[in-house]
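A short write-up of the structure that comes next.
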Amino acid sequence: MKTLRSHFPTATLALCAAGLFASQATALPVVVPEHNRPIVLAASDCYAIGQQVAEQNGGTLAKASQSTRGGQPVCVIVVLVPGKDGQRPRRTEIVVPLN
């Protein structure tokens with residue numbers, strides 16, 4: 001006659017297998033809804049403008065973002081200009097009209 005201890009490993013294995021099969025059976029494929037969002041090219045335009053502004057000022061482009069000021073679309077460009085005599089770089093914010 002088998003004792004409870006001899007049935008325990010078999011029961012544990014059966015429960016684990018049943019759990020594995022149940023989790024696979026209940027897993028449904030994830031459906032991601034498609035959003036038709038318009039492509040905004042202004043961000044890349046602001047980035048390109050920012051690169052030019054940084055080059056003109058002898059600095060490094062830190063940030064380029066689009067904003068609206070006075071009802072007009074503008075690019076807000078942040079340039080890090082190297083400091084003099086080993087000083088920290090200066091942060092310069094330049095607002096350029098988006099054409």
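These numbers were taken from a predicted model, which means no experiment stands behind them.
For the side chain to side chain contact (heavy atoms under 4.5 Å, CB included) test, residues two or more places apart in sequence or in another chain that qualify with Ser65 are Lys63, Val76. Partners of Gln51 according to the side chain to side chain contact (heavy atoms under 4.5 Å, CB included) rule, which considers only residues two or more places apart in sequence or in another chain, are Tyr47, Leu61.
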Practice problem: Take Asn57 and Thr92 through the side chain to side chain contact (heavy atoms under 4.5 Å, CB included) test and state the conclusion after the steps. | Solution: CA-CA 10 Å; Asn57 289 309; Thr92 306; 5.8 Å; no

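Both Ile77 and Val81 sit in one connected hydrophobic cluster of ILVMFWY residues. Membership requires side-chain heavy atoms under 4.5 Å apart, directly or through other members.
Looking at Pro73 and Gln66, their side chains come closer than 4.5 Å, going by heavy atoms from C-beta outward.
For the residue pair Pro89 and Leu80, the shortest heavy atom distance occurs at CB-CB, 4.3 Å. Taking every heavy atom of both residues into account, Pro82 and Gly58 meet most closely at CD-O, 3.3 Å. Summarising the geometry of Lys84 relative to Gln87, their closest heavy-atom pair is O-CG, 2.8 Å, with the distance given to 0.1 Å. In terms of heavy atoms, Leu98 sits closest to Cys46 at CD1-SG, 4.3 Å.
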